[in-house]
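The block underneath contains the structure these notes are about, expressed in structure tokens.
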Amino acid sequence: MPYPLDAAAVRTWCGLALEALGRERERIDAINVYPVADGDTGTNLYLTLESAARAVEAAFDGHASAGTQPDLAAAVGAMAHGALIGARGNSGTILAQLLRGMAQVLAAAPTGGSGAADALRRALRRAASAAYEAVAHPVEGTVLTVATAAADAAEQTAADADDAGEAAEAAEVARAAHQGAVKALRATPGQLAVLGQAGVVDAGGCGLVALLGALADALSGEVTAEPVAVQAGGPVPETAGCAVTPPGADGCADPHVGGPAFEVIYLLEAGDADVARLRDRLDRLGDSLVVVGGDGLWNVHVHVDDAGAAVEAGIEAGRPYRIRITHFGAGPRAKEPALAPRAVVAVMPGAGLAALCADAGATPVTVRPGEPPASGELVQAIRQAHAREVMLLPNDPELRHTAAAAAEQARAEGVRVALIPTRSAVQGLAALAVHEPGRSFDQDMVAMTAAAGATRYAELAVAEHRSWTMAGVCQAGDVLGLIDGDVVVIGPDLARTAMTVLDRMLSAGGELVTLVLGADVPASLAEGLERHVRERHLAVDTVVYEGGAHAAPLLIGVE
């Protein structure tokens, strides 16, 4: 019996799609030959959908206390937003736009009957159109072609039912879309020469087929779990494409020779007019340009030789954050650099802290407040660190379970991971300062853990509304001083509250104070606090760092 097209179906769809992409991830990675044969399309699709699924779960959790569930508009909106902020790579960015296009139509859809089927048909068409609009130079034989074929098949099924005097169900439309996508996917090697030469189908199209199959299963209640055929005109192989073929063999070229050196991805807060100008500028800088989103929030993806210019273009257009720059490298896969003995992966709020970590040799995972990284994102960072041993610094007590899950997955892949229990960015900085790759793994872990544990941490924040705290009642606009996660001071301004917090922390002793300033905090505050420490607490040194955008107004560490 078909299920209604409601929030519960969206939740089920996310779960089934994540399972499907998890099964298909490695095989999709293996056939990734276009636009760049970097073997990560399956992984990027999985990470993008994981972010979408987490957003849907968060929407359900938000209604759980009231004993209700979100409506369809809230569920599809959360799915689209989660995909947008978590989109990875060219394929993930296009997937985010496909989901956004569907959400624009499904937000007002009825949950059952012919109305739901018609809404799904229109949603699939809007998704395909939106994806074409997002890509600077659309190419046939890609996921765009597969998305269009899915919409065509959905419309044909609806029309056939109407001609027969019947009303199509949403499950029928979804199944037809999946079958149309499968047929189109098989034809992609004949549409795009690089696919035909490698003897594989389009990797992004594979991911979309898996996603549409999960949608059909969610609405029909019939879990098929059929693998996606990845070789052109052949059976499903264990591996395929360039991942098992030397560059140059069977027409499979070195993925990076003659192409841009960097992949640049960032989220951007900007208006429509600024984004239109950004598109033109980035299109002149590089290729594989995809800009998705709307309503002030965008995800930008481009391949360029000048990564700095691509980021500067984003700064001119608005406020870029979660900036990821990947160097494609050179040479065949078989000549990847040797694994480093040990690396550090650290979650950091704000570009300034992330840059500080990178300068110290760590691999930063930059996050925005309220948008914590998924376990898959941490696993990907561990992989990118390219080391046999990794020290993982979550720097947030709320991330302990996520970080633990990422560590377990990385261990299963053969990486030795130590989860350092850092609860704040300043504890992470303290741990990073004593990191010594020349020590044994266990000795380094103990030293970093001890340094983090010996660092008391505080954060100053501005209250958004009136509420009760451990220090009393605060009003909107009050400055809150939190020590080790608890509100202990309520003050009228940042400077005086910070001084009170410092005095409380240093009353138990200390040798070093670390101050991390948010983007909008004047340098004069740091000067005043340094002077206060120097005058009131003898033999205590102070160091100051810029946290950058999205860092807290002020972070304090005392060692």
Quiz item: Within the side chain of W298, is there an N or O that forms a donor-acceptor pair under 3.5 Å with the backbone of V291?
Solution: no

Exercise. Answer yes or no: is there a side-chain heavy-atom contact under 4.5 Å between L429 and T455?
Key: no

Self-check item: Check: T422 main-chain N/O paired with Q427 side-chain donor or acceptor under 3.5 Å
Solution: no

Quiz item: Side chains of H532 and D503: donor-acceptor distance under 3.5 Å anywhere?
Solution: yes

Quiz prompt | Approximate separation, where rounding is to 0.5 Å, of I265 CD1 and H301 NE2 | solution = 5.0 Å

Quiz item: Looking only at heavy atoms, what is the nearest atom pair of A498 and L554, with distance?
Solution: CB-CD2, 3.7 Å

Quiz item: Are any of the side-chain heavy atoms of N395 and L353 separated by less than 4.5 Å?
Solution: no

Quiz item: Should H137 and D283 be marked as a side-chain hydrogen bond (donor to acceptor under 3.5 Å, both in side chains) after you check the CA-CA gap, both sets of side-chain angles, and the distance that decides it?
Solution: CA-CA 9 Å; H137 302 285; D283 195 25; 2.9 Å; yes

Exercise. Kindly indicate, with the supporting measurements, whether the criterion side chain to side chain contact (heavy atoms under 4.5 Å, CB included) is fulfilled by N299 and L268.
Key: CA-CA 6 Å; N299 193 305; L268 178 71; over 6 Å; no

Quiz prompt | Side-chain touch R88/T43, heavy atoms, less than 4.5 angstrom | solution = no

Practice problem: Decide yes or no for L393 and V344: does some side-chain heavy atom of the first lie under 4.5 Å from some side-chain heavy atom of the second? | Solution: yes

Quiz item: With a 4.5 Å heavy-atom cut-off, do R100 and V292 have their side chains touching?
Solution: no

Self-check item: Result of checking I490, T497, V462 against D478 for side chain to side chain contact (heavy atoms under 4.5 Å, CB included)
Solution: I490

Exercise. Say whether, by atom type as modelled, one donor and one acceptor occur between the side chain of R400 and the main chain of P397 under 3.5 angstrom.
Key: yes

Quiz item: Atom CG in L512, atom CG in D541: separation rounded to 0.5 Å?
Solution: 6.5 Å

Quiz item: Would you say H435's side chain and A431's backbone share a donor-acceptor pair under 3.5 angstrom?
Solution: no

Quiz item: Looking at side-chain heavy atoms only, is the closest gap between V434 and M448 below 4.5 Å?
Solution: yes

Self-check item: Verdict with reasoning, C357 to L432, per side chain to side chain contact (heavy atoms under 4.5 Å, CB included)
Solution: CA-CA 8 Å; C357 280; L432 186 57; 4.1 Å; yes

Exercise. Please indicate whether D295 has more than 12 foreign heavy atoms, meaning atoms of other residues, nucleotides or ligands, lying under 6.0 Å from its CG.
Key: no

Exercise. Decide if atom CD of E464 counts as having more than 12 heavy atoms of other residues, nucleotides or ligands within a radius under 6.0 Å.
Key: no

Self-check item: Distance in Å, L99 CG paired with H81 NE2, rounded so as to fall on 0.5 Å steps
Solution: 13.5 Å

Quiz item: Do other residues, nucleotides or ligands put more than 12 heavy atoms under 6.0 Å from E133 CD?
Solution: yes

Self-check item: Gap between atom CG of L502 and atom NE2 of H537 - 0.5 Å precision
Solution: 7.0 Å

Self-check item: From E527 atom CD to R531 atom CZ, the distance as rounded to the nearest 0.5 Å
Solution: 7.5 Å

Self-check item: Contacts of type ring pair (Phe, Tyr, Trp, His ring centres under 6.0 Å), residue Y545, not counting sequence neighbours
Solution: none

Self-check item: Atom of L211, atom of A17 and distance for their closest heavy-atom approach
Solution: CD1-CB, 3.6 Å

Self-check item: Nearest heavy-atom neighbours spanning A425 and L555
Solution: CB-CD1, 4.0 Å

Practice problem: Answer yes or no: is there a donor N or O on one side and an acceptor on the other, between the side chain of S51 and the main chain of G82, under 3.5 Å? | Solution: yes

Quiz prompt | Verdict with reasoning, V379 to R383, per side chain to side chain contact (heavy atoms under 4.5 Å, CB included) | solution = CA-CA 6 Å; V379 172; R383 292 176 184 140; 3.5 Å; yes

Quiz item: Does a side-chain heavy-atom distance below 4.5 Å link L480 with C474?
Solution: yes

Quiz item: Would you call D274 and R277 a salt bridge, using N to O less than 4.0 angstrom?
Solution: yes

Quiz prompt | Residue that, paired with V513, satisfies side chain to side chain contact (heavy atoms under 4.5 Å, CB included) out of L506, V543, V544, L529 | solution = L506

Quiz item: Backbone N or O of M499 within a donor-acceptor pair of the R536 side chain at under 3.5 Å?
Solution: no

Quiz item: Got more than 12 heavy atoms from elsewhere within 6.0 Å of CD, E26?
Solution: no

Quiz item: Of all heavy-atom pairs between A310 and Y266, which one has the smallest distance, and what is that distance?
Solution: O-OH, 2.9 Å

Quiz item: Any donor and acceptor pair, going by atom type alone, linking the side chain of D29 with main-chain N or O of T41 inside 3.5 Å?
Solution: yes

Quiz item: So, are R54 and D61 salt-bridged, with charged N and O less than 4.0 Å apart?
Solution: no

Quiz prompt | Heavy-atom closest pair, residues V347 and P373 | solution = CG1-CG, 4.3 Å

Quiz item: Going through the distances and angles, do R411 and E408 end up as a salt bridge (charged side-chain N to carboxylate O under 4.0 Å, His left out)?
Solution: CA-CA 5 Å; R411 289 171 189 139; E408 283 301 316; 2.5 Å; yes

Practice problem: Determine yes or no for a side-chain-to-main-chain donor-acceptor pair under 3.5 angstrom, with D444 supplying the side chain and R439 the backbone. | Solution: no

Self-check item: Step-by-step side chain to side chain contact (heavy atoms under 4.5 Å, CB included) determination, F441 to M391
Solution: CA-CA 9 Å; F441 181 83; M391 301 298 181; 3.8 Å; yes

Self-check item: Nearest-0.5 Å distance that lies between atom CG in L297 and atom CG in L84
Solution: 5.0 Å

Quiz item: Has D493 got more than 12 heavy atoms of other residues, nucleotides or ligands less than 6.0 Å from its CG?
Solution: yes

Quiz item: Any side-chain heavy atom of I382 within less than 4.5 Å of one from V415?
Solution: yes

Quiz item: Excluding sequence neighbours, so at least two apart, what forms side chain to side chain donor-acceptor pair (under 3.5 Å) with E377?
Solution: R324

Quiz item: Where do V365 and A381 come nearest, in terms of heavy atoms and distance?
Solution: CG2-CB, 3.5 Å

